[in-house]
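So the structure is just underneath, and the comments pick up after that.
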Amino acid sequence: MSMSTQPTIIGALIEQLLQRGVGHVFGIPGDYALGIFDAITHSKLALINTCDEQGAGFAADAYARVRGLAAVCVTYGVGGLKLVNSTAQAYAERSPVVIISGAPGIAEVSGGALLHHRVRDFGTQMRVFAEVTVAQTALDDPISAYGEILRVLNAAERTKRPVYIEIPRDCAKLTIDTTASASVHAAVADPATLAEALDEAFTMLNAAQRPIILAGVEIHRFGCQDRLLQLIERSGIRFATTIMGKSVVAESTPGFVGVYAGSLSNAQVRNAVEGSDCILNLGAMLTDLNTGIFTAHLDPSRIIAATAEGLSIRRHHYAGIDLVQFLDALCAAGLKNRGPLPESWHASVAEFVVANDQPITISRVFDCLDAELTANVAVIADPGDALFGAIDLTIHSRTEFIGCAYYASLGFAVPASIGLQMAEPGWRPLVLVGDGAFQMTGVELATAARYGLTPIVVVLDNQGYGTERPMLDGPFNDVHPWAVTEITKLIGAGCGYSVHSEADLVTAIRAALADNTQLAIIHVHLAIDDFSPALTRLTAALGKRV
Ligand SMILES: Cc1ncc(C[n+]2csc(CCOP(=O)(O)OP(=O)(O)O)c2C)c(N)n1
Ligand SMILES: [Mg+2]
C-alpha cells in the first residue's frame, strides 16, 4: 500500500460508519472540527448541516431508531456541550448515536493554554459525556486509534446506547494501521439456567386462561420484531404495546389489543392487560409514563419479564439471560396454540365526518388524523398532548411511530423528522408538536427546506404549556403567540394552513398529504383549556406530586 492511500484516523472512522449502515452525519462545524467536516464532505457520507447542535442530536436520535446507528459531528465545547441533552435522551431511550467532536490539537493544549471554548480543563467535555454515553474515547494515538474506534462503535451497537469520540484536530489525518480487530463478546446464556427459566415460563403460559404479551421498545431496538410475530402467530397469544413500544410491529397485526399505559390507556386495553392471568413482558420498560404514572395494576406473581438487563419470572431472577436469548428459546419451545387470533382492535378506523362549523378540539384532531393517515406516513410526537393524544392513533406499519415517552425532551419532533426522512426517504413524516415545543426547535424546518425534505408539521396551539396547567397554573405557563405559518416565508419553502374548524383541518390534512413536493405547516388553534382525555387522567395523577 502506498503512503497516499494508507488510512487516516478520520478515514477509518468514516469507513467503519459506512460499513455499519450510516449514510448521513448531522452537525455544525467549528474550527476544531473543520478537518473532520472536510473529510466527511469528501467521503460517501452525506453531511446534513442543522441550525443548532441540539437539532442535529435529535435528528441523529431518530435516524438511529430507524437505521440502527447514527452519527453527529460538532466542534469542541460550544458545540459538544449543546448535545448533552439530546445524548441523555438517546441514552435513556436506547438509541445508538455516535457523537464525534473535534478538539484542540495535542500540540496546542500543552502548557494549559487558555484556548477558546475551554471550560475547566481540556478533559471537561469527555467527563460530561461519560455520564450520558456508554463508551468514550479520544483518538489521539495512531497505534491504539483503530482498536478504539472498533471498541466504541461495537459498544454502541451492542447496548443500543450513545457513544462519544473526540478527535484532537492535529490527529484526524494521522495514518494508522487498520489490521487490528476488537473482540466482540456475544453473550452466551448458561444452558442449565435457560432450561430452568424456560420450564417455569412454559408451565405458566400454557396453564394461563388469558395470557397476554406486552411488547416494549427493546423488541425494536434489538431487532426482535420477526421473532415476536412468530411467537404471537404460533401461540395465538394476544399482545399489547407500551407508549415507548408503540408501532413495534404494525398495529393491524391480528391479536393486537392496543397501547397499554395504566390509567392513561383506554378501558379495553386496560382490561385485557390487567385482567390477564399471565403477562409476558418482552422488553417493556416500566417507566412512569409507560405505566400511567404507576397506575398500572400488575401483580408480580403473574408476570414473566424479559428485558435487555435480565429475566425475572414471578419473583425469581435468572442471572445472565436477556431478552434476545429468552425470546429465541421461547419461540423454539413450542407453546401450545390457542387457535386463531382475533382481529386487531385497530383493523379498521372510523370515518371522520365533519361536524360543520364546529371549532376544532384536540380529541377531534386525533379522530381526523386516524381517518386520514395512510400507510407511508410516519408519526413523530413531541411530549405534551401531541404524545398523549396519539396513544390510540392507528399506525399502519412497523416503527412508524416515534416519540420520546421516557426522557421526554420538548422540541424533539421537528428535528427528528429530518433524521427520519433521511433514514427512510419512502416515509412522509407527520410531526405532532405543541406550540411551546415548536418555539424551541421549529427553526429546524429551515434544515428540512435546505435538503428538500417534506415533513407535515401539525402545531397544536393551546396557547401555552397545556400539560402543566392542570398541575399548577400561572403566567409561567403562557407562551408568546407566534404566527407559525409565516415560517414558510422566513425559510422560503413550504405551504402553511391555519385551522380553526373541523372542516379547515380536513382540508389542510388532505392538501398536505396530496402534495408531496413540499413541507407543510398546519397551525391548529385550540382552546386554552382543551385537553385530551388521556392528558386529563395523567395530570390528575401527576398533580398530586407537585
Ligand atoms: C426541554 C423541556 N423543557 C421543559 C419540559 C417540561 N414540560 C413538559 S410538558 C411542557 C409543556 C409543553 O407545552 P406545549 O409544547 O405547548 O405542549 P402542550 O403541553 O401544550 O400540549 C413542559 C414545559 C420538558 N419536558 N422538556
Ligand atoms: Mg401548548
Side-chain angles (χ1 to χ4, degrees), residues 52-59 61 81-93 132 243-244 264 287-290 292-293 360-366 369 379-393 403-417 431-445 457-484 487 499 521-543 545-546:
D52 186 78
E53 283 85 354
Q54 185 181 233
F58 285 146
D61 180 349
L81 294 178
K82 273 210 213 171
L83 280 177
V84 174
N85 183 55
S86 65
T87 308
Q89 175 157 293
Y91 188 97
E93 304 204 354
V132 292
I243 310 181
M244 285 182 79
L264 274 180
T287 66
D288 55 355
L289 291 182
N290 263 350
I293 312 302
I360 190 68
T361 62
I362 185 82
S363 68
R364 292 291 282 167
V365 168
F366 286 101
L369 288 174
V379 177
I380 309 174
D382 226 79
D385 229 357
L387 178 69
F388 304 123
I391 291 175
D392 291 330
L393 270 185
C404 48
Y406 178 33
Y407 187 73
S409 186
L410 288 176
F412 168 69
V414 170
S417 74
V431 170
L432 298 169
V433 55
D435 52 325
F438 184 77
Q439 294 196 5
M440 295 184 181
T441 58
V443 67
E444 295 295 354
L445 277 179
V457 177
V458 180
V459 180
L460 301 169
D461 187 348
N462 55 7
Q463 303 149 59
Y465 300 144
T467 302
E468 303 192 331
R469 291 196 197 275
M471 293 185 251
L472 183 60
D473 205 6
F476 42 79
N477 286 329
D478 299 335
V479 302
H480 185 72
W482 278 18
V484 294
I487 197 169
V499 167
I521 179 146
I522 301 177
H523 187 177
V524 182
H525 297 270
L526 299 162
I528 195 166
D529 56 355
D530 180 13
F531 307 118
S532 74
L535 179 63
T536 307
R537 289 194 294 266
L538 173 76
T539 48
L542 273 178
R545 299 181 178 206
V546 172

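Both ligands and their constituent atoms are indexed starting at 1 by order of listing.
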So [Y] and [X], do their side chains get closer than 4.5 Å, heavy atoms only?
X    : Y    : result
K82  : D52  : yes
H525 : V499 : no
I380 : F412 : yes
L393 : F366 : yes
F438 : I487 : yes

With heavy atoms of [X] as the reference, note each atom of ligand 1 found under 4.0 Å away.
X    : value
A437 : 14 (P), 15 (O)
N462 : 18 (P), 20 (O), 21 (O)
G466 : 18 (P), 19 (O), 20 (O)

Checklist entry - What distance separates D382 CG from M440 CE, expressed to the nearest 0.5 Å? => result 8.5 Å
Checklist entry - Just how far is it from atom OG1 of T87 to atom CG of D61, taken to the nearest 0.5 Å? => result 9.0 Å
Item to check | Residue from D435, D461, I360 passing side chain to side chain contact (heavy atoms under 4.5 Å, CB included) with L526 | outcome: I360
Item to check | Partner of Q439 by side chain to side chain contact (heavy atoms under 4.5 Å, CB included), out of V479, V459, V484, V433 | outcome: V479
Item to check | Charged N-O contact under 4.0 Å between D478 and R469 | outcome: yes
Item to check | Over all atoms of both residues, closest heavy-atom pair of S532 and F388 | outcome: OG-CB, 4.2 Å
Checklist outcome for this item: Taking every heavy atom of G411 against every heavy atom of F58, the minimum-distance pair comes out as O-CD1, 3.5 Å
Which residue and non-hydrogen atom of the protein lie closest to [atom], and at what distance in Å?
atom                    : answer
atom 6 (C) of ligand 1  : E468 OE2, 3.5 Å
atom 17 (O) of ligand 1 : G434 CA, 3.8 Å
atom 14 (P) of ligand 1 : G436 N, 3.6 Å
atom 9 (S) of ligand 1  : T467 CB, 3.8 Å
atom 24 (C) of ligand 1 : L410 CG, 3.5 Å
atom 13 (O) of ligand 1 : Y465 CD2, 3.3 Å

Checklist entry - Quick one: does L460 get a heavy atom under 4.0 Å from ligand 1? => result no
Checklist entry - Is there a heavy atom in A408 that sits closer than 4.0 Å to ligand 1? => result yes
Checklist entry - Do any nitrogen or oxygen atoms of D385 lie less than 3.5 angstrom from nitrogen or oxygen atoms of ligand 1? => result yes
Checklist entry - Do any N/O atoms on A386 end up under 3.5 angstrom from N/O atoms on ligand 1? => result no
Checklist outcome for this item: Counting only protein N, O or S atoms and ignoring waters, those under 2.8 Å from the Mg ion (ligand 2) are D435 OD1, N462 OD1, G464 O
